[in-house]
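Taking it in order: structure first as structure tokens, then the write-up.
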Amino acid sequence: ADFMVDYIDTQTQGFQPNLESYWQSITWWDVWNSSLIPSTLNDPLAVDIDLNFDHLYILQKDLTIIFNSSRPQKFTLKKSMDYGVTWTDWQYYRVDCSEEVSQGRAVLQVTRANPTAILCSMDYSEQRPYTGGEVAFSVQMNRFALFAGLDIDNYQALYEAYDTTQLISFLSFTNLRLSLEYPASTGNEYDGVEKDLVRSWYAVKDIQLIASCDCNLHGKYCTQVNDSTVCQCSHNTMGKNCEACQPLYNNRPWMKGSYMPYPTGSSNECTKCQCYDHADSCEYSPQHGYGICQNCTHNTTGNNCQMCLPTFYHNASLSLSHPDVCAECQCELLGVRNVSTPDCIEPLGQCQCKEQVTGLKCDRCRDMYYGLTTIPPLGTCKSCACVLDGTRNRDNRCETEYGQCPCKDNICGRDCSYCCDGFYRFPNQILQSCLDCQCDPGGAVSPVCDRQTGACPCKDGFRGQYCN
């Protein structure tokens, strides 16, 4: 069918239909003469011509078919809106429309009350002219004028009809089919005479139409992408026909644009979900009435990625959209109450500590306790249990890792419970400390005396407390 839609480049008027070329079928005689099945001999010559497009289009003006033969006595114009999967009748062309009208398949005149009714026309089925005859699918006078007036100038009324009727859908198509069902004839075709049947054939020299891409009023133009026609979408929409919202713009259901209010219409644009820059997509939830963020990043969670995952907390110094807004709790597992969910509390990220454990991360013992992570059994804080007479100012606060108490001078032991080597008599008053042994280096075996009595260990021949 290429010869029905080809064109030539003229010097003065640009590209124009090439009316010198045409497509032609075989004749009825060719079918009759070659038929091997007698039951088909009385069937008229029938041909389907399909025009296939790779996009959904909306017819804007009359569609015109120019025949190079006589026009058919009977044919049906059909359309598909799903790329040829299903077909619907668009208009009937008959010598007599009584059958279509009586069976309710068509009307003889379209009305304002039913602008999408299927029309049956008897204006284009006469045998003459023998060539160059036109067949029209009229949308301007038969459809648009019902609302816009005979001059097609009341666009407000027409646009209202676009929104309130199925007229746009009626004029939309992805494929067109010319079902040529009965060719022009002499009237003697069933006599089986060659001179009569050889005159019955179809020839189409041009099909003219003006249509626009259907972008659901979210795009004005179409373009070719990878050999496919796609809309140039706006209003945060996407898809071949702008039939969906972009991934992060599903805060309300997708809606087709509207022609009203006149003259600007309504874009019904897709709106962005509030995900605080932590998600790339969302899905509208009828239950919530807004878009639910999907696959939150940056350790966030929640319908709007507004919360932190377990073991993370909001950094109050950063905005909700900052990639580091959710900081890791970093709790010391040995110090928290619940190891399986070591959560922390805003605004500072305070972990939930065991008894006698402290610190933002629960990583150290409270005063007077020690050994959370260093002294078995790990995970418990042990009492310092300092011997107060041996600590400075009777202080019971020990070092938190290994529990060393703050001993007075000359007092030793983790808990400050005994005199250091070379000293004796553990004190019993706050200002006292152990006394120096003062062993005589000449008479004593060692400078270390008895911690209780202070007696030095004497060499043979020496005596006295100091071996002197």
Side-chain angles (χ1 to χ4, degrees), residues 1 3-5 17 19 22-28 31 43-52 57 59-81 84 86-111 114-146 167 170-173 175-187 189 199-211:
F3 294 117
M4 290 181 283
V5 293
L19 299 182
Y22 58 91
W23 170 90
Q24 180 175 319
S25 72
I26 60 176
T27 68
W28 197 342
V31 177
D43 294 339
L45 173 64
V47 175
D48 280 347
I49 301 173
D50 287 358
L51 299 178
N52 303 318
Y57 289 92
L59 192 64
Q60 298 294 325
K61 291 189 176 181
D62 297 352
L63 183 153
T64 302
I65 306 165
I66 304 176
F67 283 84
N68 202 49
S69 62
S70 294
R71 291 172 295 188
Q73 297 184 60
K74 179 181 180 181
F75 91 91
T76 302
L77 180 62
K78 300 182 179 183
K79 70 158 187 173
S80 173
M81 294 180 65
T86 59
W87 293 87
T88 58
D89 295 342
W90 219 8
Q91 185 159 319
Y92 301 105
Y93 299 89
R94 304 285 190 265
V95 172
D96 183 0
C97 286
S98 58
E99 179 180 348
E100 282 71 22
V101 173
S102 64
Q103 294 182 1
R105 295 200 303 267
V107 297
L108 296 177
Q109 184 175 359
V110 180
T111 65
N114 189 11
T116 60
I118 300 175
L119 187 66
C120 185
S121 174
M122 296 181 288
D123 297 333
Y124 304 102
S125 299
E126 294 183 358
Q127 188 172 15
R128 296 182 180 181
Y130 294 124
T131 185
E134 296 185 359
V135 175
F137 176 71
S138 172
V139 296
Q140 292 173 286
M141 288 296 103
N142 285 341
R143 317 273 176 181
F144 296 164
L146 298 173
L167 187 55
F170 178 80
L171 298 175
S172 300
F173 62 91
N175 307 69
L176 297 179
R177 173 174 290 173
L178 278 63
S179 286
L180 308 176
E181 301 165 74
Y182 204 115
S185 67
T186 63
E189 55 267 27
R199 298 180 183 181
S200 295
W201 47 283
Y202 307 106
V204 180
K205 69 167 56 177
D206 197 37
I207 299 175
Q208 302 172 358
L209 62 90
I210 295 177

What is the minimum heavy-atom distance between [X] and [Y], and which atoms define it?
| X | Y | value |
| --- | --- | --- |
| L63 | L176 | CD1-CD1, 3.7 Å |
| I65 | F75 | CD1-CZ, 4.1 Å |
| W201 | A203 | CZ3-CB, 3.2 Å |
| P183 | P44 | CD-CB, 4.4 Å |
| S138 | D62 | CA-OD1, 3.5 Å |
| Y93 | A136 | OH-O, 2.9 Å |

Please say whether more than 12 non-hydrogen atoms of neighbouring residues, nucleotides or ligands are located less than 6.0 Å from [atom1] in [X].
| X | atom1 | value |
| --- | --- | --- |
| E126 | CD | no |
| R199 | CZ | no |
| Q103 | CD | yes |

Is the shortest side-chain heavy-atom distance between [X] and [Y] below 4.5 Å?
| X | Y | result |
| --- | --- | --- |
| L180 | F67 | yes |
| L209 | T64 | no |
| W90 | L59 | yes |
| N175 | L51 | no |
| M122 | C97 | yes |
| R105 | Y92 | yes |
| I207 | L178 | yes |

Can a donor-acceptor pair be found, under 3.5 Å and without considering hydrogens, that links the side chain of [X] to the backbone of [Y]?
| X | Y | value |
| --- | --- | --- |
| S102 | E99 | yes |
| K79 | F170 | yes |
| S80 | W87 | no |
| R71 | V135 | no |
| N68 | W23 | no |

How are the rings of W28 and Y182 set relative to one another: parallel (under 30°), tilted (30 to 60°) or perpendicular (over 60°)? perpendicular

Whether K78 engages the ring of F173 as a cation-pi pair (distance to the six-membered ring centre under 6.0 angstrom, angle to the ring normal within 45°) should be assessed. no

Are the charged groups of R94 and E181 less than 4.0 angstrom apart, N to O? yes

Please determine whether side chain to side chain contact (heavy atoms under 4.5 Å, CB included) holds for the pair Y130 and S70, giving the CA-CA distance in whole Å, both sets of side-chain angles, and the decisive distance to 0.1 Å. CA-CA 4 Å; Y130 294 124; S70 294; 3.3 Å; yes

Please step through side chain to side chain contact (heavy atoms under 4.5 Å, CB included) for the pair L45 and S25, ending with a clear verdict. CA-CA 9 Å; L45 173 64; S25 72; 3.9 Å; yes

Roughly how far, to the nearest 0.5 Å, is [atom2] of [Y] from [atom1] of [X]?
| X | Y | atom1 | atom2 | answer |
| --- | --- | --- | --- | --- |
| Q140 | L146 | CD | CG | 12.5 Å |
| D206 | E134 | CG | CD | 9.0 Å |
| Y57 | L171 | OH | CG | 16.0 Å |

D96 and S98: side-chain donor and acceptor closer than 3.5 Å?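 On atom types as modelled, these side chains qualify, holding a pair under 3.5 Å.
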
Decide whether Q91 and T76 meet the rule of one side-chain donor and one side-chain acceptor closer than 3.5 Å.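 There is no such pair (donor and acceptor under 3.5 Å, judged by atom type) between the side chains of Q91 and T76.
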
Any chance you could lay out the side chain to side chain contact (heavy atoms under 4.5 Å, CB included) test for C120 and V107, step after step, and finish with the verdict? CA-CA 6 Å; C120 185; V107 297; over 6 Å; no

Run S185 and Q73 through side chain to side chain donor-acceptor pair (under 3.5 Å) and show every step you take. CA-CA 8 Å; S185 67; Q73 297 184 60; 2.9 Å; yes

Assess the residue pair Y22 and V204 against the criterion (side chain to side chain contact (heavy atoms under 4.5 Å, CB included)); give the C-alpha distance rounded to whole Å, side-chain angles, the decisive distance to 0.1 Å, and a yes or no. CA-CA 6 Å; Y22 58 91; V204 180; over 6 Å; no

